[in-house]
Amino acid sequence: MKEFLYSRNAVYESLRAKRRQVFSIEIAEGAQEKGRIKDILELAGQRKVPVKRVPRGRLDRVHENHQGVVAEVDGYPYVDVADILDSATRKDEPPFVLVLDSLQDPQNLGTLLRTAEVVGVHGVIIPLARTVEVTPAVVNASSGASEHLFIAQSNLSQAIDTLKGADTWMVGLDQAGVQMEAGSRHLRGALGLVVGSEGEGLHELTRKKCDILLKLPMRGEIESLNAAVAGSVALYLAYLARS
């Protein structure tokens with residue numbers, strides 16, 4: 001299935017990652033060939049991707065925030081959970097996996113994918129249904145980070161069992177959990193960090209599958225952070241603990 005990626009970073013990172021086939025690129029007439037547009041043209045030339053100059057209104061029909069560039073590509077290249085574990089093995093590192101339990105908002109998923117890529121997770125697992133997938137909106141929200149990540153669609157219960165079979169400690173982020181501490185031993189070594197959906201949090205079966213539930217310490221007046229912020233903070237705490 002073909003789709004259209006939009007925005008400069010999304011198109012650039014897709015070209016740079018070389019994980020998707022890029023069929024063509026359209027650039028708005030009048031867009032200056034400098035900065036990221038220049039980078040896109042150079043990579044397109046290296047990969048022999050056709051580039052056209054088109055009226056800006058044509059790109060507006062794809063998305064209003066196209067930033068002067070759109071690429072027609074094939075669908076997102078999902079992987080298997082085994083591929084994520086193999087990635088950790090190849091790097092001779094204990095697995096570091098982000099498991100997302102039914103996120104609904106593309107911006108939240110994109111934010112978490114961007115953080116996950118920055119802190120070096122070996123992969124991300126999302127459910128087979130009742131969740132936002134890696135759409136062009138998610139690629140844009142992740143600033144193209146999704147293009148460099150291993151992302152698997154899987155039955156979460158089975159995926160967690162697979163991770164546990166690889167001696168991965170499953171930590172659920174939950175307001176009913178134990179308060180997380182800096183350098184927590186629960187965040188070291190082989191780790192699967194499980195983040196729930198925006199409204200419901202972790203589903204009951206997912207919660208039961210976790211080895212421990214942790215919550216972020218908070219001193220302010222509001223009750224909680226949203227899924228993307230809480231997950232991003234937890235990812236960084238895990239990154240620091242593992243370092």
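Fair warning: this is a prediction, and the values are worked out from it, not measured in the lab.
A donor-acceptor pair is defined here as one N or O able to donate and one able to accept, closer than 3.5 Å; no such pair exists between the side chain of Glu26 and the backbone of Pro55. Of the possible donor and acceptor atoms, one in the side chain of Asn155 sits under 3.5 Å from a partner among the backbone N and O of Ser157. For the pair Glu117 (side chain) and His148 (backbone), a donor-acceptor distance under 3.5 Å is absent.
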Contacts table for residues 134-142: side-chain donor-acceptor under 3.5 angstrom, sequence neighbours left out:
unit_1, atom_1, unit_2, atom_2, d
Thr135, OG1, Ala137, N, 3.4
Thr135, OG1, Val138, N, 3.4
Asn140, OD1, Ser7, OG, 2.7
Ser142, OG, Val138, O, 3.4
Ser142, OG, Val139, O, 2.9
Ser142, OG, Gly144, N, 3.3
Ser142, OG, Ala145, N, 3.2
Ser142, OG, Ser146, N, 3.2
Ser142, OG, Ser146, OG, 3.4

Would you tabulate the side-chain donor-acceptor contacts of residues 229-237 under 3.5 Å, counting partners in other chains and residues two or more places apart, or write 'none'?
unit_1, atom_1, unit_2, atom_2, d
Ser232, OG, Thr115, OG1, 2.9
Ser232, OG, Ala228, O, 2.8

Residues 34-50 side chain polar contacts: donor-acceptor under 3.5 Å, at least two apart:
unit_1, atom_1, unit_2, atom_2, d
Lys34, NZ, Gln32, OE1, 3.1
Arg36, NE, Asn9, OD1, 3.2
Arg36, NH1, Asp39, OD2, 2.8
Arg47, NH1, Leu15, O, 3.1
Arg47, NH2, Arg20, O, 2.9

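Between the CG atom in Leu59 and the CZ atom in Arg61 there is a gap of 9.0 Å [rounded to 0.5 Å]. Atom CG of Leu109 is separated from atom CZ of Arg114 by 13.5 Å, given to the nearest 0.5 angstrom. Note that the CZ atom of Arg242 and the CZ atom of Arg188 stand 12.0 Å from one another [nearest 0.5 Å]. Note: Trp169 CH2 to Leu191 CG = 10.5 Å, rounded to the nearest 0.5 Å. Distance check: Gln107 CD to Leu112 CG gives 10.5 Å after rounding to the nearest 0.5 Å. For the atom pair CG of Leu113 and CG of Asn108, the computed distance is 10.5 Å after rounding to the nearest 0.5 Å.
Considering every non-hydrogen atom in both Ala88 and Pro95, the closest pair reads CB-CA, 3.8 Å. Looking at every heavy atom in both residues, Phe96 comes nearest to Tyr239 through CZ-N, 4.3 Å. Taking each heavy atom of Ile25 and Ala71 in turn, the nearest pair found is CG1-CB, 4.0 Å. Smallest separation of non-hydrogen atoms from Ala28 and Arg56: CB-NH2, 3.7 Å. Across all non-hydrogen atoms, the minimal contact from Ser14 to Glu147 is OG-OE1, 3.5 Å. Taking each heavy atom of Leu103 and Ser197 in turn, the nearest pair found is CD2-CA, 4.1 Å.
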side-chain contact (heavy atoms from CB on, under 4.5 Å) between Met180 and Leu173, worked out: CA-CA 9 Å; Met180 193 181 295; Leu173 201 59; 3.7 Å; yes

Verdict with supporting geometry, Asp101 and Arg207, salt bridge (Lys or Arg N to Asp or Glu O under 4.0 Å): CA-CA 10 Å; Asp101 188 2; Arg207 185 182 287 108; over 6 Å; no

Val70 and Glu72: CA distance, side-chain angles, deciding distance, side-chain contact (heavy atoms from CB on, under 4.5 Å) verdict: CA-CA 7 Å; Val70 163; Glu72 186 179 20; over 6 Å; no

Test log, rule side-chain contact (heavy atoms from CB on, under 4.5 Å), inputs His203 and Ser102: CA-CA 9 Å; His203 286 104; Ser102 304; 3.3 Å; yes

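By the rule that hydrophobic residues join a cluster once side-chain heavy atoms approach within less than 4.5 Å of another member, Leu193 and Leu214 end up as members of one cluster. Cluster membership check: Leu205 does not share its hydrophobic cluster with Val171, using side-chain heavy-atom separations under 4.5 Å among Ile, Leu, Val, Met, Phe, Trp and Tyr. Under the 4.5 Å side-chain heavy-atom criterion for Ile, Leu, Val, Met, Phe, Trp and Tyr, Tyr76 and Val124 are members of the same hydrophobic cluster. No path of Ile, Leu, Val, Met, Phe, Trp and Tyr side chains, each step under 4.5 Å between heavy atoms, connects Val73 with Val54, placing them in separate hydrophobic clusters. Hydrophobic cluster membership is shared by Val51 and Tyr12, with clusters built from Ile, Leu, Val, Met, Phe, Trp and Tyr side chains linked at under 4.5 angstrom.
Residue Leu128 is found outside any hydrophobic cluster, as its side-chain heavy atoms come under 4.5 Å of no other Ile, Leu, Val, Met, Phe, Trp or Tyr. Using a 4.5 Å cut-off between side-chain heavy atoms of Ile, Leu, Val, Met, Phe, Trp and Tyr, Leu202 falls into a hydrophobic cluster with Val79, Val81, Ile84, Leu85, Val97, Val99, Ile125, Phe150, Leu156, Ile160, Leu163, Met170, Val194, Leu213.
The ring pair (Phe, Tyr, Trp, His ring centres under 6.0 Å) search around Tyr6 returns His63, not counting sequence neighbours.
Heavy atoms from other residues, nucleotides or ligands lying under 6.0 Å from CZ of Arg53 number more than 12.
Between Lys52 and Ser24, every side-chain heavy-atom pair lies at or beyond the 4.5 Å cut-off. Contact annotation: the side chain of His66 approaches that of Asp60 to within less than 4.5 Å [non-hydrogen atoms, C-beta and beyond]. Residues Leu100 and Thr131 form no side-chain contact, since every pair of their non-hydrogen atoms from C-beta on lies 4.5 Å or further apart.
At a threshold of 4.0 Å, the pair Arg58-Glu29 does not count as salt-bridged, since none of the basic side-chain nitrogens sits closer than that to a carboxylate oxygen.
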